[in-house]
Participant: 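Provided herewith is a single structure, encoded as structure tokens, for subsequent inquiry.
Values below: all heavy atoms of this structure, side chains included; hydrogens, waters and symmetry mates excluded.
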Amino acid sequence: INAEYGVTYFRLPTKNVVGQRRSSWRAMCGIEKKLNEGDAKLVHVKAYKQKIEGELQDLCTEVLSILDNLLIKNAVECCSKVFYMKMKGDYLRYLAEIQKDA
């Protein structure tokens with residue numbers, strides 16, 4: 001499975017889905033910081049942020065599983081393997097972003 005296939009059929013669709021959630025998560029973090037502890041909206045913001053974190057966790061875990069069990073394992077070309085390893089690093093970073101804030 002070469003890197004071109006991975007970009008077209010795997011990286012771009014997953015990047016879009018995960019990117020939307022990361023953007024929403026960052027927005028919720030910003031709103032959460034602006035609200036006072038007694039604000040009634042804070043409960044809803046925190047709940048929605050946790051929902052987004054759960055979705056991100058699930059998506060990233062699924063992508064990492066596919067990378068480890070299929071794409072990296074079966075990569076023949078060096079540039080393909082490097083591409084998939086870089087992608088794996090990106091998704092591990094996405095997980096770290098949401099966990100450091102928890």
Participant: Any side-chain heavy-atom pair from V45 and D39 closer than 4.5 angstrom?
Facilitator: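 Answer no - side chains too far apart.
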
Participant: Between T61 (side chain only) and Q57 (backbone N and O only), is there a donor and an acceptor less than 3.5 Å apart?
Facilitator: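 Side chain of T61 to backbone of Q57: a pair is present.
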
Participant: Using every non-hydrogen atom in the two residues, find where R11 and F83 come nearest and quote the distance to one decimal.
Facilitator: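 Minimum heavy-atom separation between R11 and F83: CD-CZ, 3.4 Å.
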
Participant: Closest approach of I72 and M85, non-hydrogen atoms and distance?
Facilitator: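 Answer, listing the atom of I72 first, then M85: CD1-SD, 3.6 Å.
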
Participant: What heavy-atom pair brings Y48 and M28 nearest, and what distance separates the two atoms?
Facilitator: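 Smallest interatomic distance, heavy atoms only, reads CD2-SD, 3.5 Å.
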
Participant: Taking the side chain as every heavy atom from C-beta outward, state whether L59 and T14 have any pair of such atoms under 4.5 Å apart.
Facilitator: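 L59 does not reach T14 side chain to side chain.
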
Participant: Could you grab the distance from atom CG of L64 to atom CE of M87, nearest 0.5 Å is fine?
Facilitator: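 Interatomic distance, L64 CG to M87 CE, rounded to 0.5 Å: 9.0 Å.
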
Participant: When you measure from the side chain of S24 to the backbone N and O of Q20, does any donor-acceptor pair fall under 3.5 Å?
Facilitator: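 Judged by distance alone, yes, a pair lies under 3.5 Å.
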
Participant: Taking the side chain as everything from C-beta on, heavy atoms only, tell me whether K73 gets closer than 4.5 Å to D68.
Facilitator: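 With C-beta onward as the side chain, the pair stays apart.
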
Participant: Can you measure from CG (L12) to NZ (K15) and round to the nearest 0.5 angstrom?
Facilitator: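 Here the rounded value is 7.0 Å.
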
Participant: Quick one: which of V17, I98, L56 gives a side-chain contact (heavy atoms from CB on, under 4.5 Å) with R22?
Facilitator: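 Going through the options one by one, the only one that passes is L56.
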
Participant: Which atom pair, heavy atoms only, marks the closest approach of I52 to R21?
Facilitator: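 Closest heavy-atom pair between I52 and R21: CG2-O, 3.4 Å.
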
Participant: Nearest 0.5 angstrom please: K51 NZ to E53 CD, how far?
Facilitator: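 Spacing of NZ (K51) from CD (E53) equals 13.0 Å.
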
Participant: Are L71 and V82 connected in a single hydrophobic cluster, I mean Ile/Leu/Val/Met/Phe/Trp/Tyr linked by side-chain heavy atoms less than 4.5 Å apart?
Facilitator: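 Not linked; separate clusters.
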
Participant: Working to the nearest 0.5 Å, report the span between CG of L35 and NZ of K46.
Facilitator: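 Rounded to the nearest 0.5 Å, the CG-NZ separation comes to 9.5 Å.
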
Participant: Are the side chains of Y91 and V18 in contact, using a 4.5 Å heavy-atom criterion?
Facilitator: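 Side chain of V18 against side chain of Y91, heavy atoms only: contact under 4.5 Å found.
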
